[in-house]
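Side chains included, hydrogens not; waters and symmetry mates left out as well; all remaining heavy atoms used. We name chains A, B, ... by the order of the sequence lines, and we start the count at 1 in each one. Nothing here was measured: the structure is a model prediction, and the numbers come from that model.
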Amino acid sequence: MNPLLYGHNPDEQIVGLQQNDDQTVRLFIRENGRLVRKDDPFFPFFFLSDRTLLEGFVQRHWIKELEGNGFYRFVCAFEGWPPLWEAVRHLLQAHNRKTLTKIEHYSSLESIRLLTDPLNQYLLQSGRTLFKGMRFEDLTRLQLDIETYTSVPNSFSRAARSGDRIILISLSDSGGWEHLIDGTELTEAEMLHELISIIRERDPDVLEGHNIYEFDLPYILKRCEHHGIPLTIGRDGSSPTAAFQRGRPSGIGTQGPVTEVAGRHVIDTYQLVRSYDQSKNRMERYGLKYAARYFGFASPERTYVRPERISWHWDHDREPLRLYAMDDVRETRALSGHLGGTHFYLTQMLPMTLSGVLRSGSAIKIENMLLREYLRRRYSIPRPSTGLQTTGGYTDIFTVGVLGPVLHADIESLYPSIMIHRSVTPAGDHLGIFKLLLQELTSQRLSAKQEMKREADPGARSRIDAFQSSMKILINSFYGYLGYARGLFNDYAKADVVTTEGQKLLRLMIDFIRKTGSIIIEVDTDGIFFVPPKAVRGEASEEEFVRTISDHMPEGISVALDGRYRTMMSYKMKNYALLDYEGNLTLKGSSFTSRSIERFGRAYIKRCVLALLNQDIQELHRAYMETREEIQGRRMDIREFTRVEKLGESIEEYLAAVDAGTRSRSAAYEVGLRIDRSFRKGTRIVYYMSGEDPTPKGFRHARAMADWDPHFRDENIPYYLRRLDEFSEKFSPFFSAKDFHMLFTPDDLFPFDPAGIRILEPTHLPVEEPEDTESPRYTGLKAEKES
DNA sequence: AGCTGTGGCAGGGAGG
DNA sequence: CCTCCCTGCCAC
């Protein structure tokens with residue numbers, strides 16, 4: 001094991017951590033199947049740029065001057081958190097700041113680098129990592145789900161409402177054990193006591209549940225409070241505590257407090273699912289039932305009970321409810337088993353807890369690895385630089401139309417390859433850790449992939465796959481870290497070096513492919529879609545052709561065949577459709593797949609694209625006519641019309657921006673204001689357009705889906721017909737004006753006749769000469785990034 | 001307070 | 001009508 005990744009003490013299998021007090025941390029270590037406890041001294045610390053700032057401050061603390069010439073040249077260690085906060089207050093005065101309202105604000109002082117999460121800080125300084133040498137299966141994971149009863153018909157159950165209570169608690173664990181605590185024979189207080197004793201007895205390392213952060217644990221906590229029962233499920237017998245949720249401000253994370261249980265890890269599979277989908281954006285919802293079906297875990301015999309029917313079932317027919325509750329935990333177990341592996345294996349090498357790994361982004365992970373090594377070598381660290389990144393990937397489109405056969409060739413691991421082969425490393429990284437890490441992770445990933453090829457056992461294969469894909473996530477984030485404004489080791493100039501080198505390589509590849517007589521369709525960052533020359537047909541020949549391309553690339557850069565397609569529809573940059581040889585359709589780009597397109601629009605576009613790729617003219621017109629009639633006849637479900645938008649700003653920010661005139665009113669926020677004036681950042685708003693104006697002012701005519709009344713339908717038919725025409729407009733580049741009009745206009749006296757309607761030949765767009773590369777092109781005013 | 005990057009398209013509001 | 005500006009979402 002490389003200490004750079006795994007820290008010291010190679011044999012230690014730590015499965016849990018708990019902060020005892022301000023000065024010690026307790027470790028839970030697996031030794032020959034037994035759980036051993038060990039207490040370790042703990043010194044809270046921060047980095048400081050100038051030690052004179054602490055002069056005159058009398059408290060027992062250690063200031064160590066670090067080697068090197070970075071900005072944070074001192075590390076100050078304290079006997080506990082109170083003296084650390086004392087020192088922070090002292091520094092605050094040195095900066096002439098008086099307000100002490102929010103301690104976290106202090107981390108923004110430029111002279112001090114503060115890390116506020118105690119357990120992660122402990123891992124950073126100790127060089128320890130969790131779960132070392134373990135397999136994901138070695139953890140004991142306990143799944144938990146509660147069903148609750150509401151005294152108010154057709155409403156959600158609330159823990160605080162009298163009469164509402166827990167009626168079932170279903171439990172399972174990763175070993176296959178299953179159990180139901182049934183409220184039929186037990187009072188709620190007895191149920192809670194049984195839950196506590198079961199958790200203590202089975203002593204799981206991980207507590208799992210779907211939406212457990214937002215619902216199950218808070219609800220259980222509330223009910224425990226009500227009965228005066230301490231929820232002593234921590235490994236030290238303590239109750240859960242609230243920690244702060246880390247997440248992106250744009251709202252992938254909820255902002256509420258997260259529950260932490262001493263010595264264990266609490267994992268919300270809802271978060272697992274959401275973070276899985278974040279890079280893919282394939283899922284419609286993140287609910288348990290949908291996710292289970294999406295991943296293929298839902299058993300065909302699974303019992304479904306609609307949430308609003310739970311209380312009815314409890315009163316009249318309990319057996320389905322019991323089955324339903326057990327199916328819930330089984331699906332939760334399947335989800336976490338499937339998605340938890342990558343995070344588990346990352347935790348083995350990062351100085352972070354499992355929930356820390358889950359909650360943080362990849363830049364933080366890279367920074368923590370760098371920090372740990374700098375701390376271990378007693379070397380000072382730089383401060384984030386301010387500046388401007390000016391370049392990104394090269395994107396261009398050369399051909400619009402329907403054509404094939406099409407190949408997609410891409411440069412493998414473009415940015416990591418450039419960073420390794422051209423030794424692009426941040427200027428502040430005097431010790432060269434960035435490159436060492438990148439190389440180590442890359443070589444571990446490659447050997448894992450080799451091992452996977454040899455492995456026959458499916459269980460072992462998926463384990464290795466989880467391991468190598470967690471490496472991939474980290475490796476691909478190294479480039480992003482260079483341009484990360486808050487990164488201690490960021491370097492905008494080097495980020496530009498990576499992207500401009502990437503652009504050069506892509507142009508080199510374009511030139512070569514063009515010279516072979518191929519038709520280049522579109523390129524994006526590291527890949528090219530093209531029609532190969534006539535002589536290249538069939539998979540073997542295509543593979544060979546791509547090998548030739550790869551051979552013509554510089555040392556260390558290799559090109560692979562990423563996909564082969566029967567037909568491609570090229571529409572705009574980053575917007576295209578592919579039909580493979582099995583008949584599978586892939587739609588890419590915000591013009592076709594965006595969530596901001598109503599569901600009926602997405603279905604319509606998909607149907608039309610498929611018809612176009614299959615050259616089915618009649619079907620194109622049929623799709624138009626049928627959709628049109630369904631809208632006009634008010635036969636569509638309201639969900640076909642709703643738009644879901646995520647609110648990126650809080651209510652205060654939005655209103656302030658509107659007042660200041662820097663942003664205009666928008667439908668989603670106005671609907672949000674109407675239904676709930678206290679919406680949080682990241683809230684999803686579901687709304688539709690009402691009225692009869694084909695061009696309504698969205699912010700005035702938008703209505704929340706919750707206000708929809710199926711008996712008095714008021715969806716704006718002229719507006720949605722206009723939307724239909726806007727979607728149809730996407731197909732205009734592929735037809736003559738006359739043909740297009742015939743296709744996407746309702747039949748008049750004469751029936752529609754597909755004969756004579758032709759898909760246009762592809763259009764080859766003029767190749768733009770590269771502009772003067774000496775002077776970088778600025779596309780407007782771009783603010784300098786500051787930490 | 002919490003946060004990987006740039007590039008491109010769509011849609012809506014505001015103002016000409 | 002158009003253009004400008006913005007936000008949201010998507011590709012990589």
| With a 6.0 Å cut-off on ring centres, are Y276(A) and Y286(A) close enough? |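 Not close enough - the centres of the two rings lie 6.0 Å or further apart.
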Send over the distance from [X] [atom1] to [N] [atom2], rounded to a whole Å.
X	N	atom1	atom2	value
Y481(A)	dG5(B)	OH	P	12 Å
D524(A)	dG8(B)	CG	P	9 Å
R359(A)	dC3(B)	CZ	P	11 Å
I364(A)	dC3(B)	CD1	P	4 Å
K572(A)	dC12(C)	NZ	P	17 Å
Y669(A)	dG13(B)	OH	P	14 Å
E670(A)	dG13(B)	CD	P	10 Å
Y576(A)	dC9(B)	OH	P	14 Å

From C-beta outward on [X], which listed nucleotide comes closest to its side chain: [options]?
X	options	value
R722(A)	dG12(B), dC12(C), dC9(C)	dG12(B)
K730(A)	dA10(B), dG8(B), dC12(C)	dA10(B)
Y479(A)	dG11(B), dG7(B), dT6(B)	dT6(B)
Q389(A)	dG7(B), dT6(B), dC9(B)	dT6(B)
R595(A)	dG12(B), dC10(C), dG11(B)	dC10(C)

Give [X] one of three labels, base, sugar-phosphate or nothing, depending on what nucleic acid heavy atoms sit under 4.0 Å from its own.
X	result
S591(A)	sugar-phosphate
Y571(A)	sugar-phosphate
G480(A)	base
Y719(A)	sugar-phosphate
T593(A)	sugar-phosphate

| message | Given the ring of Y688(A), does R703(A) sit roughly above its face, with NZ or CZ under 6.0 Å from the centre of the six-membered ring and within 45° of the axis? | response | no
| said: Check the phosphate of dA10(B) against R643(A), side-chain N and O only, distance under 4.0 Å to OP1 or OP2. Yes or no? | reply: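 Negative; the distance criterion is not met.
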| Side-chain N or O of R723(A) less than 4.0 angstrom from OP1 or OP2 on dG11(B)? | yes
| If you draw a 6.0 Å radius around NZ in K606(A), do more than 12 non-hydrogen atoms from other residues or ligands fall strictly inside? |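 12 or below, so no.
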| message | Whether D524(A) and K572(A) form a salt bridge (side-chain N of Lys/Arg under 4.0 Å from carboxylate O of Asp/Glu) is what I want to check. | response |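 No, K572(A) and D524(A) are not salt-bridged.
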| message | Here's a test for you: under salt bridge (Lys or Arg N to Asp or Glu O under 4.0 Å), which of E640(A), E715(A), E598(A) qualifies with R723(A)? | response |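 Option passing the salt bridge (Lys or Arg N to Asp or Glu O under 4.0 Å) with R723(A): E598(A).
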